[in-house]
Amino acid sequence: MNKELKSRIEKLSVRLFNIKTRAEVFRSDEQFGDFSTNVGLKLAREIGRDPREIAQAIAEELNKSSEFREVTVAGPGFVNITLKDPVLFDSSMSAHKLEKTYLGQEIVTEYSDPNPFKVLHAGHFYTSVVGDSISNLLEAAGANVHRVNYGGDVGLHAAKTMWAMLQDLGGENPESLETIDNDKRADWLADCYVKGTAAYGDDEKAKSEINELNKKIYTLVNNKDKDSPLAKIYWTARGWSYDYFDAFYERAGIKFEKYYPESEVARLGLNTVKQNTPKIYSDSDGAIVYEGEKEGLHTRVFITREGLPTYEAKEVGLILTKNQDYKFDRSVVITANEISQYMQVVLNSIAKFAPDLVDKTTHLTHGMVKLPGARKMSSRKGNILKAVDILDLAEASSKKINPSTTPDVVLGAIKYSFLKSGLGGDIVFDANESVSIEGNSGPYLQYALVRARSILQKAGYSKTPPDVGELNPAERSLARKITIYPEVFVTALEELSLHHICTYLYELAQTFNRFYESNRVIGDQRSALRISLVKSYANVLESGLNILGISAPEKM
RNA sequence: GCACCCGUAGUUCAGCUGGAUAGAACGUCGGCUUGCGGAGCCGGAGGUCACAGGUUCGAAUCCUGUCGGGUGUACCA
């Protein structure tokens with residue numbers, strides 16, 4: 001609706017003042033009306049006239065329209081527009097039907113990205129929730145979204161873990177793997193990673209053994225060796241890692257279309273970099289690097305002196321592979337902040353031979369998950385907050401409030417607490433606050449929806465539209481708030497940021513609760529109209545929660 | 001040193017493509033309760049928007065500098 005208003009005002013500007021300008025139509029405080037525009041102030045500068053005088057002329061024209069109850073000039077030269085109640089009401093009825101602006105587009109989203117042979121930590125949970133919701137958001141806009149997960153099944157970290165595993169197993173004895181209990185496997189791999197990392201740092205002999213092992217692993221993967229004792233250990237443990245990931249994603253309600261193990265993109269990356277050397281990449285001290293410093297970035301190694309691809313070369317292979325598989329119109333990659341400058345170097349280098357792919361790629365980064373008062377954590381040292389810890393903490397807190405809490409509520413609480421702040425800095429996960437029934441939380445919104453559904457179930461709702469004469473203030477506020485949803489959706493989509501939706505849904509629920517406090521729905525003279533409002537409120541709330549990946553239980 | 005992110009109420013955060021008295025939540029103080037789900041609602045107190053300049057009719061928002069925190073800075077990811 002504000003899009004139409006905007007173009008109308010821009011046309012008016014041409015007609016009245018013979019000047020083309022970019023009108024801004026925005027939602028200001030409710031006391032000022034439904035929409036406001038500052039064209040008066042904008043035009044005043046351009047044509048050197050009194051802003052209020054210009055605003056007045058525009059207001060007079062708009063006042064001729066039958067949709068507006070009143071159009072007034074206020075403050076330094078704002079034009080405030082108030083819709084007629086039936087117009088506002090009608091618009092609220094269809095607010096949950098979102099415009100499919102991305103219809104037909106193929107979009108690849110990549111997130112979570114845990115490494116086999118390492119632990120799944122809280123950050124993986126965070127990034128997974130963010131990526132899942134962004135995918136939902138794009139889907140809601142009509143895109144065909146492919147959710148993929150990338151992870152390092154080869155590389156130094158795998159060699160470090162494998163090295164420590166071999167110590168525990170007493171050498172290349174795959175049969176010894178059977179001595180490790182089913183439920184201990186993931187923890188064992190995590191421990192081995194910590195041991196291997198420590199040895200790599202402290203012990204020269206271990207370091208060279210790990211480097212040797214790293215090469216052996218690349219070789220066995222490249223040769224598709226599944227039978228040698230080392231290969232058996234590798235593939236078994238790798239399988240355990242993926243089982244562990246899948247079990248977690250299942251519990252967290254997060255899905256992927258495909259895993260891209262690094263081993264499957266490494267060779268393409270390696271070859272591509274080699275093909276573009278020395279044109280784009282160059283030899284330096286035996287390694288292949290990209291001289292990012294010439295572009296104000298960092299110079300990074302793509303292929304080591306040992307001839308192995310680093311993260312950077314694999315990333316090159318990954319982008320090309322994604323494009324081969326999906327011919328994407330857009331690719332969105334979500335990772336932690338620490339990757340941001342590496343990615344810039346990688347993309348900058350790819351732009352030299354495949355600029356279209358880089359143009360279509362968006363890299364979003366986020367901070368770390370911390371507990372209140374916690375200090376820095378590192379998976380290399382093993383003192384880290386695991387993904388399951390977050391689930392366990394939230395579940396325990398939720399049980400304190402309601403002993404029969406459900407996974408829906410626990411997950412809703414966690415997801416909402418991850419999504420309600422914008423991406424950027426670190427976030428603090430406060431388990432008690434997240435599950436709280438009061439305040440800006442997932443459970444508050446779930447409860448709001450459960451309650452609205454309950455009212456509708458009890459009331460029944462007819463298809464015949466109610467007569468709308470005038471709305472009372474609470475009805476009007478609710479209708480007005482509902483109509484804002486499509487605008488919030490567009491903002492979230494443009495910025496790929498979910499927190500706008502969170503903030504909006506919370507405000508919406510508050511507006512509803514205020515309305516509901518003093519307006520009887522069932523059994524009132526105005527019940528037909530109010531039931532329609534509750535219905536469209538519930539539709540919007542449900543639509544928004546779906547985008548956030550939060551589902552409400554039947555009862556709570 | 002250089003690059004990127006960040007600095008808004010006691011706390012956790014919105015607001016940042018400049019606009020009308022800086023908003024929530026938690027905590028705190030006080031009110032509403034025979035309710036269509038009160039897991040709710042209403043109100044009070046609490047802010048030199050890190051600091052200093054600049055641009056502008058107008059700056060939390062843009063620019064410059066300073067201070068403080070985080071991350072990265074070639075053969076890990």
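Reckoned from all heavy atoms, side chains included, excluding hydrogens, waters and symmetry mates. Convention: sequence-line order gives letters A, B, ...; per-chain numbering from 1.
If you find the closest nucleotide of RNA chain B to A:L41 and to A:I455, the one lying nearer the 5' end belongs to A:L41.
On the P atoms, B:rU55 is 31 Å away from B:rA14, given to the nearest whole Å.
Residues satisfying the side-chain hydrogen bond (donor to acceptor under 3.5 Å, both in side chains) test with A:T335, not counting sequence neighbours, are A:H363.
Contact annotation for A:S28: base contact, defined as any heavy-atom pair under 4.0 Å involving a base atom. Within the 4.0 angstrom heavy-atom criterion, base atoms lie near A:D285. Here A:S284 lies in heavy-atom contact (under 4.0 Å) with a base. Contacts of A:T503 with the nucleic acid, taken as non-hydrogen atoms under 4.0 Å apart, involve only primed sugar atoms and P, OP1 or OP2. Residue A:T365 is out of contact with every strand shown, counting any heavy-atom pair closer than 4.0 Å. If you check every strand for non-hydrogen atoms under 4.0 Å, A:R305 touches a base.
A straight line from CD1 of A:I339 to P of B:rC76 spans 14 Å, rounded to a whole angstrom. Atom-to-atom, CG of A:N513 to P of B:rC42 comes out at 9 Å; the value is rounded to the nearest Å. Residue A:M368 contributes atom CE, which lies 8 Å from atom C1' of B:rG70 at whole-angstrom precision. Rounded to a whole Å, the CD1 atom of A:I427 is 23 Å from the P atom of B:rG69.
If you take NE2 on A:H124 and OH on A:Y111, they are separated by 14.0 Å, rounding to the nearest 0.5 Å.
Taking the six-membered ring for Trp and the full ring otherwise, the centers of A:Y242 and A:Y259 sit less than 6.0 Å from each other. You'll find the ring centres of A:Y193 and A:Y200 outside the 6.0 Å limit. The ring of A:F418 has its center closer than 6.0 angstrom to the ring center of A:Y126.
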Nucleotide by nucleotide, nucleotides 2-7 of chain B touches protein heavy atoms under 4.0 Å in the pattern (B base, S sugar-phosphate only, - none) -B----
Base-pair string, RNA chain B, Watson-Crick plus G-U, cut-off 3.5 Å on both distances, | for inter-strand, is (((((((..((((.....[...)))).(((((.......))))).....(((((..]....))))))))))))....
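The side chain of A:V428 lies closest to B:rC13 when the candidates are B:rC13, B:rG37, B:rC75.
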